[in-house]
Protein chains: 2
Amino acid sequence: MPPEAPPVRFGMLLTLLARSWRAELDRRLAHLGLSQARWVVLLHISRIPEAPTQRELAQSVGVEGPTLARLLDSLENQGFVKRLMVPEDRRAKKIVLTDKAEPLIRQIEAISSQMHQDLISGIDEEELQSCLKVHQTILKNLNRS
Amino acid sequence: MPPEAPPVRFGMLLTLLARSWRAELDRRLAHLGLSQARWVVLLHISRIPEAPTQRELAQSVGVEGPTLARLLDSLENQGFVKRLMVPEDRRAKKIVLTDKAEPLIRQIEAISSQMHQDLISGIDEEELQSCLKVHQTILKNLNRS
DNA sequence: GCCTTATGATTAGCGGCCTAATAATAAGCC
DNA sequence: GGCTTATTATTAGGCCGCTAATCATAAGGC
């Protein structure tokens, strides 16, 4: 690889890193029958106090409606979530975790924080915070575009 | 686990950021008939001194063989690259840019570095470098897993 | 030379992201 | 009430990443 470092590199590294991060988490979640994408959905549901509608959940997770719909299809097939009718609005559905999913939450939180710990080893807290700040700034700039 | 900011956040932000970055670049490249994925391939070809084989190119770009093969299919259909037979190894193909692609390279480099500039506004050089270093450390940790 | 193993590219098929289009319902306005 | 517009969820279809399997060729051991 040529050692010259054009500004382009930041985006490439970011993309590669996100892909690798996802792949590793997928690997660690596989034995639970989960993937990163489905796991994130479960985690968000568990953290929202009131059962959210799909619209609200998609917003919280940060994906579009159709993407969430298909993730919920598989999670529902796996028996981890249920779609509940909303009496006041017959278009909407509220999403809740099933009893089967509840014990999973602790496991997946443990797995993901273990992985986080593994991956940030050798990075000091200050650097990490600064990196987070950079990420947030870029995201803010992106939302302005 | 810190009670208020679970470590999970870093991965989620990373994922969201990479997706948003890609989406914005796709938007800016659309009028050239390109996407981020295909653009990166062109850029790598143009930077490798000798025409690379697909294997080498895939390595350089950081994707698997089949992923590259399909990107090359579309780039070839668009007339931006050609696959050349290699006399010494009849399994392999070397990838070269066409004359049509050459003038594009400057444009796409300009677009991507403009975007880079737009997105890092408000971040000072030191923070950015530190962030890059964090990314590289995490990637190194990932490759050890 | 011949057989086994390794390698380069492709195909098939899946996951996860998107946008556009659709269907059902709700809300707002005469 | 009845029409128009907005909103919720879904379906359809595309892109881009992956792994597994396939095909042709190369390389190595005998």
Side-chain angles (χ1 to χ4, degrees), chain A residues 12 14-27 29-30 33-42 51-59 61-78 81-95, chain B residues 11-12 14-27 29-30 33-42 51-78 81-95:
Chain A
M12 291 189 188
L14 184 67
T15 301
L16 183 60
L17 183 55
R19 250 192 302 132
S20 308
W21 181 290
R22 158 185 298 265
E24 175 65 15
L25 187 50
D26 281 349
R27 201 178 64 69
L29 288 171
L34 287 172
S35 63
Q36 188 202 43
R38 295 198 296 279
W39 154 76
V40 169
V41 172
L42 292 184
T53 63
Q54 290 190 202
R55 177 89 187 79
E56 291 161 350
L57 185 53
Q59 183 90 18
V61 172
V63 297
E64 297 301 318
T67 299
L68 180 65
R70 290 215 285 190
L71 292 172
L72 289 177
D73 288 346
S74 37
L75 287 170
E76 200 171 24
N77 277 333
Q78 291 180 291
V81 306
K82 274 190 294 213
R83 287 166 157 111
L84 302 183
M85 290 300 163
V86 178
E88 315 86 68
D89 184 343
R90 294 175 50 195
R91 292 168 306 181
K93 301 177 186 172
K94 296 209 174 201
I95 308 303
Chain B
M12 290 189 191
L14 184 67
T15 301
L16 183 59
L17 183 55
R19 248 192 303 132
S20 308
W21 182 290
R22 158 185 298 265
E24 175 63 15
L25 188 49
D26 281 348
R27 201 178 65 69
L29 289 171
L34 288 172
S35 62
Q36 188 202 43
R38 294 197 296 276
W39 154 78
V40 169
V41 172
L42 292 185
T53 63
Q54 289 190 205
R55 178 85 186 82
E56 292 161 351
L57 184 53
Q59 185 91 16
S60 169
V61 172
V63 299
E64 297 299 319
T67 299
L68 179 66
R70 289 214 284 191
L71 293 173
L72 290 177
D73 287 346
S74 36
L75 287 170
E76 201 171 24
N77 277 333
Q78 291 181 291
V81 305
K82 274 190 295 214
R83 287 166 158 113
L84 302 184
M85 290 300 163
V86 178
E88 316 84 69
D89 185 343
R90 295 175 51 195
R91 293 167 306 179
K93 300 177 186 173
K94 297 210 174 200
I95 308 302

K.L.:
In this structure, how many angstroms lie between the C1' atom of C:dT11 and the CG atom of B:L72, rounded?
P.N.:
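Going from B:L72 (CG) to C:dT11 (C1'), I get 15 Å.
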K.L.:
Can you measure from CG (B:L71) to OG (B:S35) and round to the nearest 0.5 angstrom?
P.N.:
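Nearest 0.5 Å value for the CG-OG distance: 7.0 Å.
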K.L.:
For A:L25 and C:dG15, what is the distance between atoms CG and P respectively, to the nearest whole Å?
P.N.:
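In whole Å, C:dG15 P and A:L25 CG are 17 Å from each other.
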K.L.:
How many Å lie between CG on B:D73 and P on C:dA12, as a whole number?
P.N.:
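These atoms are roughly 12 Å apart.
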K.L.:
Across the strands shown, which category fits B:T53 at heavy-atom distances under 4.0 angstrom: base, sugar-phosphate, nothing?
P.N.:
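The answer is sugar-phosphate, as B:T53 gets under 4.0 Å only of primed atoms, P, OP1 or OP2.
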K.L.:
What does A:D26 touch in the nucleic acid at a heavy-atom separation under 4.0 angstrom: a base, only the sugar-phosphate, or nothing?
P.N.:
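The answer is nothing, as A:D26 stays clear of every strand by at least 4.0 Å.
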K.L.:
Between C1' on C:dA24 and CE on A:M85, what's the gap in Å once rounded to a whole number?
P.N.:
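Atom-to-atom, A:M85 to C:dA24, this comes out as 11 Å.
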K.L.:
With a 4.5 Å limit on heavy-atom distance, are the side chains of A:L42 and A:L34 in contact?
P.N.:
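They are in side-chain contact.
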K.L.:
Hey, does the side chain of B:R55 come within less than 4.0 Å of C:dG8's phosphate (OP1/OP2), counting only N and O?
P.N.:
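Yes, such a contact exists.
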K.L.:
Report the C-alpha distance between B:Q36 and A:T15 in whole Å, list the side-chain angles of each, state the deciding distance to 0.1 Å, and finish with yes or no for side chain to side chain contact (heavy atoms under 4.5 Å, CB included).
P.N.:
CA-CA 10 Å; B:Q36 188 202 43; A:T15 301; 3.6 Å; yes
K.L.:
NA contact type, B:R27, heavy-atom cut-off 4.0 Å: base, sugar-phosphate, or nothing?
P.N.:
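Counting heavy atoms under 4.0 Å across all strands, no contact is made by B:R27.
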K.L.:
Where the side chain of B:E76 meets the backbone of B:D73, is there a donor-acceptor pair that is under 3.5 Å apart?
P.N.:
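Checking the backbone N and O of B:D73 against the side chain of B:E76, no donor-acceptor pair under 3.5 Å is found.
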K.L.:
Check whether any side-chain N or O of A:T67 sits under 4.0 Å from OP1 or OP2 of C:dC18, and answer yes or no.
P.N.:
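The answer is yes; a side-chain N or O of A:T67 sits under 4.0 Å from OP1 or OP2.
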K.L.:
Rounded to the nearest 0.5 Å, what's the gap from CG on B:L84 to NZ on B:K93? Could you check?
P.N.:
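If we round to the nearest 0.5 Å, B:L84:CG and B:K93:NZ are 10.5 Å apart.
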K.L.:
In Å and rounded to the nearest 0.5 Å, what is the CD to CD distance from A:E64 to A:Q59?
P.N.:
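Going from the CD atom of A:E64 to the CD atom of A:Q59 covers 9.0 Å.
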K.L.:
Let me see the working for A:R22 and A:D26 under side chain to side chain contact (heavy atoms under 4.5 Å, CB included), right down to the final yes or no.
P.N.:
CA-CA 6 Å; A:R22 158 185 298 265; A:D26 281 349; 3.6 Å; yes
K.L.:
When you check the phosphate oxygens OP1 and OP2 of C:dC17, does a side-chain N or O of A:R22 lie under 4.0 Å from one of them?
P.N.:
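So the side-chain polar atoms of A:R22 do come within 4.0 Å of the phosphate oxygens OP1 or OP2 of C:dC17, strictly under.
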K.L.:
Touch check for B:R70, heavy atoms < 4.0 angstrom, all strands: base, sugar-phosphate only, or nothing?
P.N.:
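Base, at least one base atom sits under 4.0 Å.
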K.L.:
Atom CG of A:L34 and atom C1' of C:dG16: how far apart are they, to the nearest Å?
P.N.:
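The answer, rounded to whole Å, is 15 Å.
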K.L.:
Contact between A:V41 and A:R38 at the side-chain level, heavy atoms closer than 4.5 Å - yes or no?
P.N.:
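Not in contact.
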K.L.:
What are the 5'-most and 3'-most nucleotides of DNA chain D lying under 4.0 Å from any heavy atom of chain B?
P.N.:
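First and last nucleotides in contact are D:dC16 to D:dA26.
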K.L.:
Specify the separation, in whole Å, of atom CD of B:E24 and atom P of C:dC17.
P.N.:
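Rounded to whole Å, this separation is 20 Å.
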K.L.:
Relative to the 5' end of DNA chain C, which residue comes earlier, A:V86 or A:G62, by the nucleotide with the nearest heavy atom?
P.N.:
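First, find each residue's nearest nucleotide; the 5'-ward one identifies A:G62.
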K.L.:
When you check the phosphate oxygens OP1 and OP2 of C:dT25, does a side-chain N or O of A:R90 lie under 4.0 Å from one of them?
P.N.:
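Checking A:R90 against C:dT25: at least one side-chain N or O falls below 4.0 Å of OP1 or OP2.
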K.L.:
Quick check for you: to the nearest 0.5 Å, what is the distance between B:E24 atom CD and B:L29 atom CG?
P.N.:
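Answer rounded to 0.5 Å: 10.0 Å.
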K.L.:
Roughly what angle, to 10°, lies between the helix axis at the start of the helix from C:dG1-D:dC30 to C:dC30-D:dG1 and the one at its end, five pairs per end?
P.N.:
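Between the axes fitted at each end of the helix from C:dG1-D:dC30 to C:dC30-D:dG1 lies an angle of 0°.
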K.L.:
Within the pair B:R19 and C:dG16, is there a side-chain N or O less than 4.0 Å away from OP1 or OP2?
P.N.:
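B:R19 to C:dG16 OP1/OP2: no side-chain N or O under 4.0 Å.
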K.L.:
For B:W21 and C:dC18, give me the distance from atom CH2 to atom P, rounded to whole Å.
P.N.:
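Spelled out: CH2 on B:W21 to P on C:dC18 is 18 Å.
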K.L.:
Taking atom P of C:dT7 as reference, at what distance in whole Å does atom CD of B:E64 sit?
P.N.:
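Distance check: B:E64 CD to C:dT7 P gives 15 Å.
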K.L.:
Would one find a side-chain N or O of A:S35 under 4.0 angstrom from OP1 or OP2 of C:dG16?
P.N.:
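For C:dG16, OP1 or OP2 has a side-chain N or O of A:S35 closer than 4.0 Å.
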K.L.:
I want to verify a distance call: between C:dA20, C:dT25, C:dG16, whose nearest atom is closest to the A:R91 side chain?
P.N.:
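So the nucleotide nearest the side chain must be C:dT25.
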K.L.:
Within a strict 4.5 Å, meaning less than it, do heavy atoms of the B:Q54 and B:L57 side chains meet?
P.N.:
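Side chain of B:Q54 against side chain of B:L57, heavy atoms only: no contact under 4.5 Å found.
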K.L.:
Pick the nucleotide of DNA chain D nearest each of A:K94 and B:L71; which residue has the one closer to the 5' end?
P.N.:
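On the 5' side of the pair lies A:K94.
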K.L.:
A side-chain contact here means heavy atoms from C-beta on lying under 4.5 Å apart; do A:R83 and A:I95 qualify?
P.N.:
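Sidechains of A:I95 and A:R83: in contact.
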